[in-house]
There are 2 protein chains.
Amino acid sequence: MEHAPYTVCKTCTIRTKSFCGALPVRSLDSLANTRRLVRFERRQTIVCEGATAVSLFNIVSGVVKLYRSLPDGRTQIVGIRLPGEFFAIADGEKYTATAEALTSVVVCRFSRSRLKQLMQQFPQIQARLLEMSYRHLAAAQDQIFLLGRKTAREKVASFLMRYSGKFDPERMDKYRRVPMTRTEIADFLGLTTETVSRVLTSFAREKLVAIDLSHSVRLLNIDLLRKIAGN
Amino acid sequence: MEHAPYTVCKTCTIRTKSFCGALPVRSLDSLANTRRLVRFERRQTIVCEGATAVSLFNIVSGVVKLYRSLPDGRTQIVGIRLPGEFFAIADGEKYTATAEALTSVVVCRFSRSRLKQLMQQFPQIQARLLEMSYRHLAAAQDQIFLLGRKTAREKVASFLMRYSGKFDPERMDKYRRVPMTRTEIADFLGLTTETVSRVLTSFAREKLVAIDLSHSVRLLNIDLLRKIAGN
DNA sequence: CGTGGTTTTGAGCCCGTTCAAGTATCGTGG
DNA sequence: CCACGATACTTGAACGGGCTCAAAACCACG
């Protein structure tokens with residue numbers, strides 16, 4: 001499912017947030033020529049860990065999880081990317097993590113080699129990508145601290161503070177849905193499904209959150225949750 | 001302690017490994033003009049988490065740990081930087097982690113603002129920095145998986161495989177010393193000192209490692225250690 | 001030699017896991 | 001619209017890996 005027109009970049013909702021925003025409008029066509037809009041549905045794999053890295057993706061809408069797993073089934077989400085962010089980190093030749101759609105996702109796919117040419121032509125793009133990489137690195141450091149030193153309660157609270165409401169731009173604030181299963185949350189926090197479930201029901205008993213239909217979580221006491229999350 | 005001469009860049013041992021290597025030799029002076037060589041001894045703090053980010057550091061020799069800590073004392077090392085690598089990641093204005101010398105360290109300190117000018121002049125520098133950021137991001141993903149999903153034995157084995165021998169360029173191979181205390185290793189692996197010690201002595205009993213004078217660890221059975229480390 | 005910091009070792013405990021059973025929710029087709 | 005099965009979530013009981021607390025051993029330094 002491809003939205004063909006090149007000209008769409010001009011009206012792109014996330015342009016200013018993303019590296020594309022570094023380009024002046026008149027140069028936008030050279031960018032549009034090198035990318036392709038692609039849509040993925042929830043649970044579809046976008047790239048696989050270890051595959052040859054040919055593309056870089058920019059998220060127009062939706063959310064993507066990056067994860068690694070071991071043959072014995074242990075899985076760990078190593079990053080979550082929101083609209084305007086890019087993904088498909090390659091350590092040289094190969095992707096270092098698998099990317100999968102958490103929601104319906106529309107991404108711009110760029111060929112790495114053509115993007116490299118484009119970056120030589122427009123160094124501002126590179127500057128923005130570098131800046132965004134720093135932000136991703138800082139986010140990774142957050143997660144490293146969380147995984148190494150936080151308790152289950154702190155982990156879940158941190159997760160809720162960080163991500164609830166980030167997935168659905170329409171209804172912010174109160175009805176902050178997170179379209180992740182308990183297993184996915186567990187794989188993000190280095191816990192088991194059961195522990196995530198237990199912590200959430202205990203938060204519900206303490207009136208910190210409410211668990212609505214289809215087990216979705218709504219935040220009730222954000223201040224206390226923030227306190228529990230620590231740092 | 002400052003090594004004044006600008007011209008030193010030409011003979012710098014890590015130039016080709018670092019972002020400086022992107023510059024042609026004739027342009028090296030403009031780089032040398034913007035940086036300052038500084039030396040730190042083991043345990044000296046180089047930058048503090050939360051401080052305003054004015055510099056970026058490039059490691060000429062020695063090893064640096066990046067860590068975060070909470071007021072209650074919990075500490076987590078979020079990265080280790082080797083010669084040729086840079087550090088001092090800032091999420092916008094502030095450093096996101098504290099940097100401390102693990103060994104005697106010589107660093108090139110660049111002003112962020114002057115480096116930005118320099119990058120506009122020489123976009124190749126930016127390209128190298130971006131590439132290195134990707135590598136750091138991949139390393140962070142390694143650590144995230146390790147912290148979230150590996151057992152204590154796997155963590156220690158992974159640590160030994162990854163870092164022993166990386167600290168002392170002179171004597172590689174057999175006598176791979178790691179100039180970190182048990183507490184520091186624990187803070188890197190999300191464990192306690194006691195657990196690190198127990199795992200190491202159990203490795204010693206199994207003839208996987210030898211524990212020499214001053215508790216330094218020497219690898220004996222690298223193949224098996226790699227297997228234990230997993231992935 | 002003492003002294004002080006680091007490391008090792010031991011004993012007991014607890015948080016989060018494992019295993020297992022039961023419940024809720026959703027999609028599908030009759 | 002409901003019955004059905006599949007999947008996700010919850011709850012309980014028991015276990016155990018790694019933690020806590022405490023003491024002893026080691027080592028560097030004066």
Side-chain angles (χ1 to χ4, degrees), chain A residues 41-43 65 70 72-77 100 102-103 146-160 177-206 208-218 228 230, chain B residues 41-43 70 72-76 102 146-160 177-206 208-218 228 230:
Chain A
E41 296 307 323
R42 147 126 251 224
R43 267 162 226 268
K65 69 172 176 183
L70 246 38
D72 65 14
R74 283 181 284 179
T75 298
Q76 176 67 45
I77 294 181
E100 187 187 305
L102 275 176
T103 64
L146 175 145
L147 290 168
R149 292 305 182 203
K150 288 191 176 178
T151 64
R153 276 175 70 89
E154 293 171 333
K155 285 177 175 180
V156 174
S158 303
F159 170 74
L160 292 175
R177 298 267 165 94
V178 176
M180 287 168 74
T181 66
R182 301 291 187 259
T183 304
E184 283 171 327
I185 298 173
D187 285 344
F188 183 68
L189 299 176
L191 298 170
T192 59
T193 328
E194 295 92 330
T195 300
V196 171
S197 176
R198 273 185 256 270
V199 171
L200 282 174
T201 53
S202 110
F203 279 178
R205 264 196 301 275
E206 300 166 44
L208 299 172
V209 305
I211 294 178
D212 300 341
L213 217 71
S214 90
H215 308 111
S216 76
V217 178
R218 179 159 41 97
I228 293 173
Chain B
E41 297 306 323
R42 146 127 252 222
R43 267 162 223 268
L70 247 38
D72 64 16
R74 283 182 283 180
T75 298
Q76 176 66 46
L102 276 176
L146 175 145
L147 291 167
R149 292 304 183 202
K150 287 191 177 179
T151 65
R153 276 175 70 89
E154 293 171 334
K155 285 178 175 180
V156 174
S158 302
F159 170 74
L160 292 175
R177 298 268 165 92
V178 176
M180 288 167 74
T181 65
R182 301 290 188 258
T183 304
E184 283 172 326
I185 298 173
D187 285 344
F188 183 68
L189 299 176
L191 298 170
T192 59
T193 328
E194 295 94 327
T195 300
V196 171
S197 176
R198 273 185 255 270
V199 170
L200 282 174
T201 53
S202 110
F203 280 177
R205 265 198 300 276
E206 299 166 45
L208 299 172
V209 306
I211 294 178
D212 299 342
L213 218 69
S214 91
H215 312 285
S216 76
V217 177
R218 179 159 40 96
I228 293 172

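Labels below follow one simple rule: chain letters A, B, ... track the order of the sequence lines, proteins then strands, and each chain is numbered from 1.
- Helix-axis bend for the helix from C/dC1-D/dG30 to C/dG30-D/dC1: the local axis fitted to the five terminal pairs at one end deviates from that at the other end by 40°, rounded to 10°.
- Side-chain atoms of B/Thr75 come within 3.5 Å of backbone atoms of B/Gly73 as a donor-acceptor pair (strictly under, hydrogens ignored).
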Test side-chain contact (heavy atoms from CB on, under 4.5 Å) applied to A/Val156 and A/Leu189, step by step: CA-CA 7 Å; A/Val156 174; A/Leu189 299 176; 3.9 Å; yes
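- Taking OG1 from B/Thr151 and CG from B/Leu146, the interatomic distance works out to 9.0 Å, rounded to the nearest 0.5 Å.
- By the salt bridge (Lys or Arg N to Asp or Glu O under 4.0 Å) test, A/Arg153 is found to be paired with A/Glu206, residues two or more places apart in sequence or in another chain being considered.
- Among residue pairs with one or both ends in residues 184-198 of chain A, those qualifying as salt bridge (Lys or Arg N to Asp or Glu O under 4.0 Å) are A/Arg42-A/Glu184, A/Lys65-A/Glu184, A/Asp187-B/Arg149; sequence neighbours excluded.
- Side chains of B/Leu200 and B/His215 form no contact here, defined as non-hydrogen atoms less than 4.5 Å apart.
- Near DNA chain D, meaning a heavy atom under 4.0 Å from it, residues 150-157 of chain B has B/Thr151, B/Ala152 in order of number.
- With hydrogens and angles disregarded, a donor-acceptor distance shorter than 3.5 Å links the side chain of A/Gln76 to the backbone of A/Phe188.
- Taking atom CE of B/Met180 as the reference point, atom C1' of C/dT6 lies 15 Å away to the nearest angstrom.
- Residues from residues 186-199 of chain A that place a heavy atom under 4.0 Å from any atom of DNA chain D, listed by number: A/Glu194, A/Ser197, A/Arg198.
- Note: A/Leu208 CG to A/Arg205 CZ = 11.5 Å, rounded to the nearest 0.5 Å.
- Counting all heavy atoms, side chain and backbone alike, B/Met180 lies closest to B/Leu102 at CG-CD2, 3.8 Å.
- Using a 4.0 Å heavy-atom cutoff across all strands shown, A/Arg43 reaches sugar-phosphate atoms only and no base atom.
- Across the protein-nucleic acid pair, B/Ile211 atom CD1 and C/dT7 atom C1' stand 9 Å apart, rounded to whole Å.
- The CG atom of B/Leu213 sits 12 Å away from the P atom of C/dT8 (whole-angstrom rounding).
- Heavy-atom contacts of chain A under 4.0 Å fall on DNA chain D between two terminal nucleotides, which in 5' to 3' order are D/dA8 to D/dA13.
- What separates NE2 of B/His215 from C1' of C/dT9 is a distance of 13 Å, to the nearest Å.
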